[in-house]
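Report on one structure; see the data block that follows.
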Amino acid sequence: MSDILILTHVDYCPPGHLRDFLTARRLDFRVLRADLGELDGYDLDRPRAVAVMGGPMSVNDPLPWLSTEVAALRHFIRRDIPLIGHCLGGQLIARALGARVQRMPYTEAGWQPLRRLPQAADDPWVAGLPEELVIYQWHSDTFDLPEGARHLLSSAWCRNQAFAWGERVLALQGHPEITESLLRAWLEGWSHLLDASQPSQQGVEQMLEALPEKVSALQRVAEHFWSRWLGLAGLA
């Protein structure tokens, strides 16, 4: 069994670039589909680092497996192991820490500029990153900040883009794991859900413009987060 656990929730929200990042470092990892009940019977004391990916469902949906996953995340938090969440994963971490997750009045979608908050300039999760960075977004829910959390990033359409809790937990609202092929697949299958007339959303052409450059810049940001995550687990 691997020391690194990745939780996913649907086939079209895979680990993306995180898989490439770990594979390039010859690190073994295990991917479990929480929505298929694959957490049932899993040894929660085994992993040394956990990543939680995205999905189209809401934390507030009445799905029994969501309760199982939140309970597992609380166990990982009690164990004080490095834990990082991406989009739905970040919302699940917020829920595990007792914060509210709620619907926004719009969908935030596309390459959105995020601002590093002044009080977060020296926080090790974002120290060294530029004051403004771009992370791909596609979400209609947002998390409140859990008690004791440190607010790290914000965007024009979503105030709570990232928080850290303690030394080993990071919750992100965006999708730093996105790759060119994954984004093209999302747009091919789900662009009918977008509405470019809404100011919080980009159109498909705008999302695909200069895509290799955008993805390359995003991967540098993602690897900054993941390098700290692995380092805290002694796996860097």
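All residue numbers in this chain count up from 1 along the given sequence. These figures come from a predicted structure and were not determined experimentally.
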Practice prompt. For the pair Y106 and W157, name the ring-plane relationship: parallel under 30°, tilted 30 to 60°, perpendicular over 60°.
Written response: perpendicular

Worksheet item: Can the positive tip of R228 be found less than 6.0 Å from the middle of the six-membered ring of W125, inside 45° of the ring normal?
Response: yes

Discussion item. Using a 6.0 Å cut-off, check whether atom CD of E213 has over 12 heavy atoms from anything other than its own residue.
Written reply: yes

Worksheet item: Can you tell if the side chain of R79 reaches within under 4.5 Å of the side chain of P47, non-hydrogen atoms only?
Response: yes

Practice prompt. For E147, look at atom CD and say whether over 12 heavy atoms of other residues, nucleotides or ligands are found less than 6.0 Å away.
Written response: no

Fill in: Whether W111 and Y136 hold their rings parallel, tilted or perpendicular, with breakpoints at 30° and 60°
perpendicular

Worksheet item: Does a donor on one side chain and an acceptor on the other come within less than 3.5 Å for Q102 and D141?
Response: no

Fill in: Over 12 foreign heavy atoms within 6.0 Å of CZ, R25
yes

Worksheet entry | Minimal non-hydrogen separation, G148 against W165, with atom names | C-CD1, 4.0 Å

Worksheet item: Is the shortest side-chain N to carboxylate O distance from D3 to R30 below 4.0 Å?
Response: no

Practice prompt. On the 0 to 90° scale, with breaks at 30° and 60°, tag the F163-F143 ring pair as parallel, tilted or perpendicular.
Written response: perpendicular

Practice prompt. Would you kindly say whether T107 and Q198 are connected by a side-chain donor-acceptor distance under 3.5 Å?
Written response: no

Discussion item. Take a 6.0 Å sphere around CD of E131 and say whether it holds more than 12 heavy atoms from other residues, nucleotides or ligands.
Written reply: no

Worksheet entry | Minimum heavy-atom distance E180-V215, with the two atoms named | CG-CG2, 3.8 Å

Worksheet item: Are more than 12 heavy atoms from other residues, nucleotides or ligands located less than 6.0 Å from atom CG of D122?
Response: no

Worksheet item: Is the closest side-chain donor-acceptor distance between R103 and N60 under 3.5 Å?
Response: no

Item to complete: Give me the one residue out of R115, Q112, E108 that meets side-chain hydrogen bond (donor to acceptor under 3.5 Å, both in side chains) with S155.
Response: E108

Item to complete: Quick one: sort the F21 and H17 rings into parallel, tilted or perpendicular, breaks at 30° and 60°.
Response: tilted

